[in-house]
Amino acid sequence: MTTPTAPKPAGPAAPDDFASLAAQPIGYWSWVVHEAVIRHIRGAMARTDITQPQWWILNQVDGAGGDGLAPELLRERLGSVLGTTGDEIRQATDSLLARGWLVAAGDAGRLRLTEAGQEAKARTKELVTRLRAEIHEGIGDEEYVAALRVLKRMIDNVGGEDSVLS
């Protein structure tokens with residue numbers, strides 16, 4: 001087992017050599033990456049008039065098949081994703097219903113995509129694919145997978161749940 005390097009103050013001005021980077025705290029860098037990536041994604045989505053939670057909802061409802069998806073199950077699935085609450089999911093769902101991208105059908109009010117919702121999902125998927133390419137530019141799949149494995153190991157080391165990454 002390798003002994004971890006003693007931590008040093010975090011910051012983008014830290015030297016880029018191995019020893020200096022090895023001493024940087026993961027909490028700082030994971031937070032900075034999170035903030036930068038989420039800001040980039042949500043900004044691009046806002047310019048196309050959709051929010052990230054709305055995108056998640058379109059995907060979940062589309063993946064539910066012909067029977068649709070119960071609103072309660074949708075809130076359960078998405079209500080704790082990346083700091084999003086059940087109320088935020090409810091509001092995003094209401095917005096999609098008002099736009100005519102979703103319809104609530106049957107006694108249970110199961111959610112289904114409308115034709116306009118399917119078109120919005122297809123447009124947003126193109127955007128998300130482009131954003132992923134931008135975010136991953138210069139990073140090969142091997143590096144990316146290695147980074148995720150390290151992060152998942154750190155989550156395990158602190159007794160956290162890695163369900164978001166699974």
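Throughout, residue positions are numbered sequentially from 1 according to the sequence presented. Any value given below was found using the heavy atoms of this structure, including those in side chains, with hydrogens, waters and symmetry copies removed.
Looking at heavy atoms from C-beta onward, Pro71 lies in side-chain contact with Leu111 at the 4.5 angstrom threshold. The side-chain heavy atoms of Leu131 and Glu134, taken from C-beta on, include a pair separated by under 4.5 Å. Side chains of Gln54 and Met45 form no contact here, defined as non-hydrogen atoms less than 4.5 Å apart. With contacts defined as side-chain heavy-atom distances shorter than 4.5 Å, the pair Arg110/Leu74 does not qualify. Considering only heavy atoms from C-beta on, Leu151 comes within 4.5 Å of Ile26 through its side chain. Ile89 is listed as a side-chain neighbour of Ile57, based on a closest heavy-atom distance under 4.5 Å. By the 4.5 Å heavy-atom criterion applied to side chains, Val128 and Ile41 are not counted as neighbours. Two residues are said to be in side-chain contact when any heavy atoms from C-beta on lie closer than 4.5 Å; Leu69 and Gln60 meet this criterion.
Scanning all heavy atoms of the two residues, the minimum distance from Arg99 to Ile50 falls at NH1-CA, 4.5 Å.
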Please evaluate residues Asp94 and Arg90 with respect to the criterion side chain to side chain contact (heavy atoms under 4.5 Å, CB included), reporting the C-alpha separation (whole Å), side-chain torsions for both, the decisive distance (0.1 Å), and the verdict.
CA-CA 6 Å; Asp94 289 347; Arg90 184 179 299 109; 4.1 Å; yes

For Asp17 and Ser20, run side chain to side chain contact (heavy atoms under 4.5 Å, CB included): C-alpha distance rounded to whole Å, both residues' side-chain angles, the deciding distance at 0.1 Å, then the answer.
CA-CA 6 Å; Asp17 63 276; Ser20 295; 2.8 Å; yes

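The environment of CG in Asp141 is sparse: at most 12 heavy-atom neighbours from other residues, nucleotides or ligands sit within 6.0 Å. In this structure, Glu115 places its CD atom where only 12 or fewer heavy-atom neighbours from other residues, nucleotides or ligands lie under 6.0 Å away.
With Arg112 contributing its side chain and Asp67 its backbone, the two residues share a donor-acceptor pair below 3.5 Å. For the pair Glu88 (side chain) and Thr85 (backbone), a donor-acceptor distance under 3.5 Å is present. Side chain of Thr84 to backbone of Gly79: no donor-acceptor contact under 3.5 angstrom is found. Distance alone, capped at 3.5 Å, is enough to place a donor-acceptor pair between the Glu143 side chain and the Gly140 backbone.
Cluster membership check: Leu127 shares its hydrophobic cluster with Ile135, using side-chain heavy-atom separations under 4.5 Å among Ile, Leu, Val, Met, Phe, Trp and Tyr. Tracing side-chain contacts under 4.5 Å through hydrophobic residues (I, L, V, M, F, W, Y), one reaches Leu113 starting from Leu73; they form part of the same cluster. Taken together through direct or relayed side-chain contacts under 4.5 Å among Ile, Leu, Val, Met, Phe, Trp and Tyr, Val61 and Leu97 form part of one hydrophobic cluster.
Applying the ring-ring contact (aromatic ring centres under 6.0 Å, His included) test to pairs two or more places apart or on separate chains, none has a residue in residues 46-103.
For the pair Asp156 and Arg153, the salt-bridge criterion is not met [side-chain N within less than 4.0 Å of a carboxylate O]. Comment: Lys125 does not engage Asp62 in a salt bridge, judged by the lack of any side-chain N to carboxylate O separation of less than 4.0 angstrom. Using a cut-off of 4.0 Å between Lys/Arg side-chain N and Asp/Glu carboxylate O, Arg130 and Glu126 are scored as not salt-bridged.
Residues satisfying the side-chain hydrogen bond (donor to acceptor under 3.5 Å, both in side chains) test with Trp31, not counting sequence neighbours, are none.
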